[in-house]
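Data first, discussion second: the structure below is written as structure tokens.
Atoms within a ligand are numbered from 1 in the order they appear, just like the ligands themselves. What you see is a predicted model, and the numbers here were worked out from it, not measured in a lab. Numbering starts at 1 and runs along the sequence shown.
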Amino acid sequence: MKVKGVAYRTIWVNGDGWSVGIIDQTKLPHAFVTTNLTSWEEAAHAIKAMIVRGAPLIGATGAYGLALAMRADPSDAMLEKAHTVINETRPTAINLKWALDRVRNALHNQPTSSRAAIAYQVAAEIADDDVATCSSIGDHGLKIIDALYEKAGRKRTINILTHCNAGWLATVDWGTAIAPIYKAHDAGIPVHVWVDETRPRNQGASLTAWELNSHGVPHTVIVDNAGGHLMQHGSVDMCIVGTDRTTREGDVCNKIGTYLKALAAHDNGVPFYVALPHSTIDWTIRDGVKEIPIEERAQEEVTVMSGRTSDGEIVPVTITPEGSKAANFGFDVTPARLVTGLITERGVCAASEAGLTKLYPEFA
Ligand code: MRU
């Protein structure tokens with residue numbers, strides 16, 4: 001996507017041929033800053049500290065992390081160590097393990113002299129595949145938005161609610177949930193997006209709003225609890241969210257609060273779609289509530305908020321009484337029965353094993 005007229009992906013190899021460029025997402029929306037990863041430890045830190053985040057992007061970053069590790073030391077011991085440490089940085093999004101395994105499998109039985117080059121090559125393939133995959137998700141999702149526009153007589157704006165950030169910043173480019181919105185907007189369909197702020201880290205207010213603003217897509221930021229009210233009043237035509245792990249039976253794990261949006265959508269007859277690439281499907285599990293590990297993060301993400309003052313200074317502010325504990329669950333699981341459809345790069349399917357395996361027969 002373009003930032004002030006310049007085309008960016010969220011991760012790239014620099015002109016030196018080895019260091020890896022990323023956008024520091026902790027600085028947005030106040031500043032657009034890029035930074036470099038020069039070691040696998042820096043890649044692991046960038047994922048853990050959420051300098052990069054979003055399931056597909058942490059997968060691509062993990063893959064480049066292994067490439068940086070192989071450049072430093074192409075031994076089996078280093079491969080295993082970097083794989084383990086990077087994989088443990090964030091437990092919920094399966095894309096991370098998927099990408100790390102893909103690089104490790106490609107290096108199996110390869111001479112140490114060629115391991116770094118192979119790892120960079122596979123990481124580049126993962127990144128390129130993600131761009132093509134997300135673009136296809138956008139094309140399939142566009143058809144759903146267009147059908148809603150048709151149903152509305154092509155006369156009025158289509159209102160879409162999204163949660164967290166599943167835009168281009170969460171992937172290598174395009175995004176998952178936001179890709180159909182970009183494609184609809186670019187095709188001239190009037191869309192307006194209700195952006196859940198997404199406490200505690202505010203990925204909606206800070207990142208989704210920044211993306212949509214940069215691309216000129218009309219949007220309004222709302223507090224996380226507003227969605228149900230808007231749906232009751234007919235102000236939401238559809239919800240689209242991303243996912244960090246989807247089970248083979250179609251249960252969907254995504255940013256905390258997604259489940260409550262799905263319940264409200266179900267109660268109000270609002271279609272609730274989930275957009276995902278193949279790398280987000282965990283074919284080894286069935287029951288999302290029982291089997292998906294939910295990341296728990298620091299209390300301070302809940303008790304302390306930061307924002308920009310009118311002087312441009314970023315200041316942290318504590319919002320809870322001293323002594324109050326906070327719990328910070330990063331994700332929740334929306335059962336398949338609440339999902340209208342899964343938008344994948346291969347098409348749209350029911351959130352069920354039958355639906356998914358029809359699109360991905362190799363996993364039947
Ligand atoms: O904690 P984050 O910011 O990494 O969470 C991101 C999300 O929950 C996204 O919705 C998800 O990764 C799908 S993104 C394409």
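Looking at C164 against ligand 1, only its side chain comes within 4.0 Å, counting heavy atoms. When non-hydrogen atoms are compared, ligand 1 lies under 4.0 Å from neither the backbone nor the side chain of A93. Heavy atoms of L276 found under 4.0 angstrom from ligand 1: none, in either backbone or side chain.
Look at R346 and E362 and you find a salt bridge, because one of the NZ, NE, NH1 or NH2 atoms lies within 4.0 Å of a carboxylate O, short of that distance.
Using a 4.0 Å cutoff on heavy atoms, N95 does not count as a contact of ligand 1. Using a 4.0 Å cutoff on heavy atoms, G330 does not count as a contact of ligand 1. Heavy atoms of R201 come nearer than 4.0 angstrom to ligand 1 in no pair at all. The closest approach between any non-hydrogen atom of H163 and ligand 1 is not below 4.0 Å.
Side chains of T320 and K325 form no contact here, defined as non-hydrogen atoms less than 4.5 Å apart.
Atoms of ligand 1 lying under 4.0 Å from at least one heavy atom of F331, given by number and element, are 1 (O), 5 (O), 8 (O).
Classification of the W98-H278 ring pair by plane angle, with boundaries at 30° and 60°, yields perpendicular. Classification of the F32-W210 ring pair by plane angle, with boundaries at 30° and 60°, yields parallel.
By the neighbour-count criterion of 12 heavy atoms within 6.0 Å, atom NE2 of H215 is densely surrounded, having more than that number from other residues, nucleotides or ligands.
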